[in-house]
Engineer: 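Got a structure here, written out as structure tokens. Questions coming.
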Protein chains: 2
Amino acid sequence: MNEPEMNTEQKILDAAKDVFQQKGMTGARMQEIADKAGINKALLHYYYRTKEKLFEKVFNIAFSIFIPKMQEIMLSEKPVFEKIDFFIENYMDLLTKHPYIPGFVINELNRNPQILVNIFEKNVQIKENKLFEKFDAQIQAEVQKGIIKPIDTRNLMTNVIGLIVFPIVARPIIQGIMFENDKKQYDVFLKQRKDFVKEFIINSIKA
Amino acid sequence: MNEPEMNTEQKILDAAKDVFQQKGMTGARMQEIADKAGINKALLHYYYRTKEKLFEKVFNIAFSIFIPKMQEIMLSEKPVFEKIDFFIENYMDLLTKHPYIPGFVINELNRNPQILVNIFEKNVQIKENKLFEKFDAQIQAEVQKGIIKPIDTRNLMTNVIGLIVFPIVARPIIQGIMFENDKKQYDVFLKQRKDFVKEFIINSIKA
DNA sequence: TCTATCTTTGACCAGTTGGTTAAATCGGTT
DNA sequence: AACCGATTTAACCAACTGGTCAAAGATAGA
């Protein structure tokens with residue numbers, strides 16, 4: 001398509017993203033990334049000196065894709081029900097565009113949890129604790145007002161994210177067992193699932 | 001402890017389980033498995049001719065751990081609410097004993113979905129469709145009786161499993177972001193979460 | 001046109017990897 | 001004690017892996 005116009009650095013990042021996300025850090029081969037980028041392997045090392053540095057870059061880009069929208073939604077002034085609606089709507093769309101990222105991130109973090117620490121060190125602007133505290137305060141305020149049932153914020157957040165992410169991460173097994181490996185059927189399932197998850201959560205927490 | 005009493009084959013399987021589950025198929029090294037089993041690398045190949053054959057064995061054992069209880073619960077004669085209670089109770093305990101298996105299985109299936117097909121070919125007794133059909137029939141029957149709200153069985157099953165498995169698979173990221181990487185605190189969270197998930201699901205689907 | 005810097009390449013290297021082989025050792029049988 | 005199959009080992013190998021290097025092209029300014 002537009003390959004000849006892209007600069008080498010971007011071609012490398014695109015190729016590396018594909019290979020790393022499909023095969024993981026340990027399974028990826030520098031030669032394959034070079035081939036997919038249409039360049040020499042030496043050139044790969046010219047731009048990103050080591051495999052680890054290239055991996056780190058790819059991982060950070062992947063991770064960053066899911067952070068800004070979360071902050072935006074959680075810090076907005078909407079009531080909790082609307083925030084949850086918004087969150088599900090936005091992240092299910094985002095996952096449709098980037099289905100391999102969650103599995104990639106989860107897997108690499110299990111392999112080496114230290115990666116997260118490095119990310120936090122470099123991105124000082126992500127003050128997760130403040131983010132959580134503010135959202136928690138809102139939840140407990142709405143509990144007081146009788147809008148939602150008494151609920152633990154961490155459990156609620158885990159549920160919302162889990163219900164969105166799990167069917168993407170575990171796609172091969174769910175699609176294989178419950179959908180006879182029918183890809184199209186599973187895509188339809190995921191699309192319809194948006195409203196299901198919204199209802200499921202709201203039903204459960206509304207007072 | 002009791003290593004000298006174990007036979008070589010079992011020592012190999014134990015070591016292979018550890019290494020494969022922690023580093024994945026591509027990250028695992030035959031030498032490391034041999035070392036951990038306290039044997040020579042050639043002996044590893046004497047018992048399991050190739051890395052792939054050893055991996056297949058380890059994967060099948062891991063996968064099998066989570067199947068029987070599921071069949072038992074789903075095919076039992078309890079009402080749906082009880083089945084869900086039972087399911088959450090049993091699988092959260094199972095996951096406490098085998099926390100690395102879900103991530104391992106999910107990751108390897110994303111790398112090579114073909115593995116699932118091979119498992120089904122070898123385990124003819126797992127007729128998932130029959131299993132699903134019977135459970136689906138029970139759900140819809142209880143919907144008719146007005147016990148639970150109208151609901152899609154596949155979405156419900158995805159939710160139940162996802163709410164159980166996700167906090168285990170995504171432990172590094174959730175523990176890191178929401179629990180300041182406090183391992184003990186997260187263990188407490190998981191223990192308390194059992195009842196939370198039960199309530200969360202029942203609240204959502206009861207008519 | 002000359003030159004200095006950036007980009008790209010083919011050839012190469014040392015360390016690692018899964019796997020093999022021939023010989024040694026063990027354990028039981030005769 | 002001689003024998004035989006199963007088990008275990010040290011030494012080895014070809015292929016692969018991340019990474020390097022010197023030299024060749026490309027590009028733009030003087």
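Below, chain A is the first sequence line, B the second, and so on; all start at residue 1.
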Engineer: For the side chain of K51(B), starting at C-beta, report the closest nucleotide among dA10(D), dT7(D), dG18(C).
Structural biologist: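 Looking only at side-chain atoms, K51(B) lies closest to dG18(C).
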Engineer: In whole angstroms, how far is the P atom of dT17(C) from the CG atom of L44(B)?
Structural biologist: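 To the nearest whole Å, that distance equals 14 Å.
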Engineer: Rounding to an integer number of Å, can you tell me how far L54(B) CG sits from dG19(C) P?
Structural biologist: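 Checked: the CG to P distance equals 10 Å.
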Engineer: Is the positively charged end of R171(B) above the ring of Y186(B), judged by distance under 6.0 angstrom from the centroid and angle within 45° of the axis?
Structural biologist: no
Engineer: Is it possible for you to check whether K78(B) lies under 6.0 Å from the centre of the six-membered ring of F86(B), through NZ or CZ, and within 45° of that ring's axis?
Structural biologist: yes
Engineer: For N7(B) and dC26(C), give me the distance from atom CG to atom C1', rounded to whole Å.
Structural biologist: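 Atom-to-atom, N7(B) to dC26(C), this comes out as 16 Å.
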Engineer: Which nucleotides of nucleotides 21-28 of chain D have their base under 4.0 Å from a protein heavy atom (B), which only their sugar-phosphate (S), and which neither (-), written as one string 5' to 3'?
Structural biologist: B-------
Engineer: What are the two closest heavy atoms between P150(A) and V143(A), and how far apart are they?
Structural biologist: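 It is CA-CG1, 3.7 Å.
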Engineer: Quickly, which of N159(A), L156(A), V160(A) forms a side chain to side chain contact (heavy atoms under 4.5 Å, CB included) with I205(A)? Name it, please.
Structural biologist: L156(A)
Engineer: Within this structure, what is the CG-to-P distance between N40(A) and dG18(D), rounded to whole angstrom?
Structural biologist: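 Interatomic distance, CG of N40(A) to P of dG18(D): 14 Å.
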Engineer: Tell me whether the side-chain N/O atoms of Y47(A) come closer than 4.0 Å to OP1 or OP2 in dT8(C).
Structural biologist: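 Checking dT8(C) against Y47(A), a side-chain N or O does come within under 4.0 Å of OP1 or OP2.
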Engineer: Is any side-chain N or O of Y46(A) closer than 4.0 Å to OP1 or OP2 of dT7(C)?
Structural biologist: yes
Engineer: If I take atom OH in residue Y48(A) and atom C1' in nucleotide dG18(D), what distance separates them, rounded to the nearest angstrom?
Structural biologist: 18 Å
Engineer: Which of these nucleotides, dT9(D), dT20(C), dT20(D), is closest to any side-chain atom of H45(A)?
Structural biologist: dT20(D)
Engineer: Describe, in one word, how the ring planes of H98(B) and F66(B) are oriented to each other, choosing from parallel (under 30°), tilted (30 to 60°) and perpendicular (over 60°).
Structural biologist: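 Perpendicular: the ring planes of H98(B) and F66(B) meet at over 60°.
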Engineer: Taking E89(A) as the fixed residue, which of K194(A), R193(A), K69(A) is the one that meets the salt bridge (Lys or Arg N to Asp or Glu O under 4.0 Å) rule?
Structural biologist: K194(A)
Engineer: Please confirm whether the shortest side-chain N or O distance from T8(B) to OP1 or OP2 of dT8(D) is below 4.0 Å.
Structural biologist: yes
Engineer: Suppose we call a contact any N or O donor and acceptor under 3.5 Å apart; does that hold for the side chain of K41(A) and the base of dG18(D)?
Structural biologist: yes
Engineer: Determine, for F20(B) and R29(B), whether the Lys NZ or Arg CZ falls below 6.0 Å from the six-membered ring centre while staying within 45 degrees of the axis.
Structural biologist: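 The answer is no, since R29(B) fails at least one limit relative to F20(B).
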Engineer: Answer yes or no: is there an ion pair linking D35(A) with K41(A), defined by an N-O contact shorter than 4.0 Å?
Structural biologist: no
Engineer: Can you list, in residue-number order, the parts of residues 16-33 of chain A that come under 4.0 Å of DNA chain D, counting heavy atoms only?
Structural biologist: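 The answer is A28(A), R29(A), M30(A).
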Engineer: Calculate the interatomic distance between K53(A) atom NZ and dG18(D) atom P; express it in whole Å.
Structural biologist: 16 Å
Engineer: Aromatic rings F63(A) and F59(A): how do their planes relate, parallel, tilted or perpendicular, breaks at 30° and 60°?
Structural biologist: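 Geometry flag for F59(A) against F63(A): parallel rings.
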